[in-house]
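Heads up: the structure comes next, in structure tokens.
Note that the numbering runs from 1 along the sequence shown for the chain. Keep in mind the model is a prediction, meaning the values are calculated, not measured.
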Amino acid sequence: MITLADALVQRGFLSQATLQPVLDQHPADLRAELLDRKLVTERQLAEALALQTGREFFDLSANPPSQAVLGLVPAALCRKYRLIPVGVRSTADSSTGVRGKAPSLLDLMRDSGLSVRDVQGYLKGSSESVARVHQVTAESWSARRPGSGAAEQHQTVLVLGMADPTDIVAIDEVTSLTELAIEPVVVSRSSLRHAFERYLRSDAELSEISSVLEVDAAAQSLATTDEDDPAQRAPVVRFVNLLIAQAIDDRASDIHIEPGEHDLIVRFRIDGVMKEVQRADRGIQDGIISRLKIMAVIDIAERRRPQDGRISFVHHDRTVDLRVATLPTVWGEKVVMRILDNAASMVTMRTLAMTPENERRFLNAIARPHGMVLVTGPTGSGKSTTLHAALGEISNPKINVITIEDPVEFRIPGISQVQVNHRTGVTFASSLRAVLRCDPDVVLVGEIRDKETAITSIEAALTGHLVLSTLHTNDAPSALIRLIEIGTEPYLVASALSIVVAQRLARKLCTRCRQPIPISADVMEQLEFPYDPGYPPQLYSAGGCANCANTGYRGRVALHEVMEITPEIARVVVRNGTLAEVREIAAAQGMRPLRQDGWEKVSQGLTTIEEVLRVSG
């Protein structure tokens, strides 16, 4: 068998001259090193692995498997061994290269006696109906195995997409489970992760486990059990792990576990919108919350006051941190977990999607050696993300960058990060005074909340430091008035501030299912939507597909309002001018309001009119 390095060279993905230095330095971890250096893609590695092992490469993104095929192998087994069933073949088809197709639900209804109720229950995720469909599907294919009449000449083969087609243990386990012959094919790891997100959701498994937990809870109310017994805790552990893994796969930013009078409700915040994903009997509440407290290393016995903790969770070979907060409510403790996924949250200036003019102004401001840059907006509008993107743009080994955050959500190599802790007296103001004695070039202050922090930040900006911070205001001009209201002298605000960016996050249209819509001139006029009737833009509405969990949206895009502090604006601030005057001058000098920036994103097909109205109203 040839080596992976030889396969990469034979396929033309790398030259021997490029590959040899990497091979000499990292012979045991070649794959990871090549990906880290961005010398090859996941797909290229998979194609090379297929050549190395003599297996077929299968493009999973272009050939999605049917639900009937997916039902042959349990989702837990797929996740455990990094594999997914992608189709079936008949041995008679192998010679002709024709891929066998799995029977559809309609075929099974016609040939195997499935009822309409079975199909409806299957589509709704009923565990009983799912089991019934899987049984009938397996029987349908088993009928074509050797010894079943006409099938004696044709054997049915399950085509199994695998990240590692040489994993004999995985193949043997799937063979034993399905009683089908297995043909491994190679799929890229990135397409496999995406397939898990789209097709192998944990909803049904979570419902099944919650039912088991309800039975356990009822049994425990009648008999005393040992809480440390692993057999008693195993379903709870599995439920919590599946819940967190599903939230990460769904790109959720927060997990809410909310006790009610009769139910325990689990909701995810996805793209800024809450979505209920699980509703279980309240009897499982104590076990779930206790398990989360243990994972977050907080007091399991304290239920009368709020607590904070942190969980490190390994998912798909990467570590994801979760910030955990508990809150006592009338029906028990509510738990909210903020998912801090560094891999998903590394944002650059390019991904901020600013318009060219706004980006030019912002980059000019952060390129200065001193001054203050403020990003404003409500909680959850992406202010910290924008500032971290700015740090990524300007940070280099020649400057000293220090951040003060509450909390430190993302660890950034090469930057000193300070965690605020009010219990020990480590506040924004006290930390900032200490930081300024540590010879910083750039300081990021997580939030300006009080007079002392505001004045110290502004003085730092006036004494040769670049200060980045956030403020809670509705728009960019309001930031100037807010700083003065906090207690900062107007002349200091006018002198220190370089630029203010107000932003909001709108949900981004799913490009796979968005639907084009006609433009009504009357509606556009009412919305003050700028467009040329001779060259109207193509607008879209949200559709719904498996890629976006039938929401029509996948991801978010930022709307920006960027205001430079020009001499004209500074003069208005110094003489205590009104907010209306500041806004009028800024607009005259080219500041585009949030809604107008939103209309630009709508014209580009990135979001919808409804989303812009929702976030900028």
Side-chain angles (χ1 to χ4, degrees), residues 345-349 352 361-377 382-422 424-473 476 479-480 482-483 486-489 491-503 562-565:
S345 303
M346 294 304 293
V347 179
T348 64
M349 287 301 303
L352 290 180
R361 293 182 176 188
F362 188 69
L363 290 176
N364 286 342
I366 63 176
R368 298 174 187 172
H370 57 82
M372 176 178 275
V373 174
L374 278 181
V375 180
T376 75
K383 302 185 296 296
S384 296
T385 301
T386 297
L387 291 182
H388 281 93
L391 285 183
E393 189 73 21
I394 62 178
S395 179
N396 63 74
K398 297 180 180 180
I399 63 174
N400 180 22
V401 180
I402 304 178
T403 73
I404 308 167
E405 304 172 69
D406 183 20
V408 176
E409 296 188 348
F410 309 113
R411 271 68 168 182
I412 306 174
I415 293 178
S416 302
Q417 296 175 275
V418 178
Q419 169 74 58
V420 169
N421 188 340
H422 295 282
T424 59
V426 183
T427 64
F428 279 114
S430 64
S431 299
L432 183 56
R433 289 194 301 270
V435 163
L436 293 176
R437 294 192 290 269
C438 296
D439 186 33
D441 296 294
V442 180
V443 180
L444 187 151
V445 182
E447 184 181 346
I448 294 178
R449 299 176 178 174
D450 53 64
K451 178 180 178 180
E452 187 178 1
T453 306
I455 292 176
T456 308
S457 299
I458 286 176
E459 289 175 347
L462 291 171
T463 54
H465 305 87
L466 177 62
V467 179
L468 312 177
S469 190
T470 70
L471 196 65
H472 287 284
T473 61
L480 303 173
R482 175 65 178 148
L483 287 174
I486 286 178
T488 310
E489 292 295 334
Y491 70 91
L492 291 176
V493 174
S495 302
L497 216 54
S498 299
I499 200 167
V500 181
V501 179
Q503 76 175 46
V562 180
M563 181 181 73
E564 286 185 297
I565 311 304

### Side-chain heavy-atom pair Glu459, Ile455 within 4.5 angstrom cut-off
yes
#### Entry: Spatial distance of atom OG (Ser431) from atom CD1 (Ile404) [nearest 0.5 Å]
5.0 Å
### Query
Checking Thr456 side chain against Ala429 main chain: does a donor-acceptor pair fall under 3.5 Å?
no
### Task
With the side chain counted from C-beta on, respond yes when Phe428 and Ile448 share a heavy-atom pair under 4.5 Å apart, and no when they do not.
no
### Message
Quick check for you: to the nearest 0.5 Å, what is the distance between Ser395 atom OG and His388 atom NE2?
### Response
11.0 Å
### Message
Are Thr403 and Leu391 packed together at the side-chain level, in the sense that at least one heavy-atom pair is separated by less than 4.5 angstrom?
### Response
yes
### Query
Above 12 or not: heavy atoms from other molecules or residues under 6.0 Å from NE2 of His472?
yes
### Message
Within this structure, what is the CG-CG distance for the pair Asp441 and Leu466, rounded to the nearest 0.5 Å?
### Response
9.5 Å
### Query
Are Ile415 and Leu444 side-chain neighbours, meaning at least one heavy-atom pair lies under 4.5 Å?
no
#### Entry: Side-chain heavy-atom pair Gln503, Val375 within 4.5 angstrom cut-off
yes
### Query
Do the non-hydrogen side-chain atoms of Thr473 and Val500 ever get within less than 4.5 Å of each other?
no
### Query
How many angstroms lie between atom CG of Leu374 and atom CG of Leu471, to the nearest 0.5 angstrom?
6.0 Å
### Message
Suppose we screen for salt bridge (charged side-chain N to carboxylate O under 4.0 Å, His left out). Which residues come up paired with Arg368, at least two apart in sequence or across chains?
### Response
none
### Summary
dist Thr463:OG1 -> Ile458:CD1 (nearest 0.5 Å) comes out at 11.5 Å
### Query
Would you say Asn400's side chain and Cys438's backbone share a donor-acceptor pair under 3.5 angstrom?
yes
### Query
Does Thr488 reach the main-chain N or O of Leu483 with its side chain, forming a donor-acceptor pair under 3.5 Å?
yes
### Query
Out of curiosity, Gln417 CD to Ile402 CD1, how far, rounded to the nearest 0.5 Å?
11.0 Å
### Query
So do the side chains of Val420 and Glu405 get within less than 4.5 Å of each other, counting heavy atoms only?
no
### Query
Do Leu480 and Ile565 come close enough that some side-chain heavy atom pair is under 4.5 Å?
yes
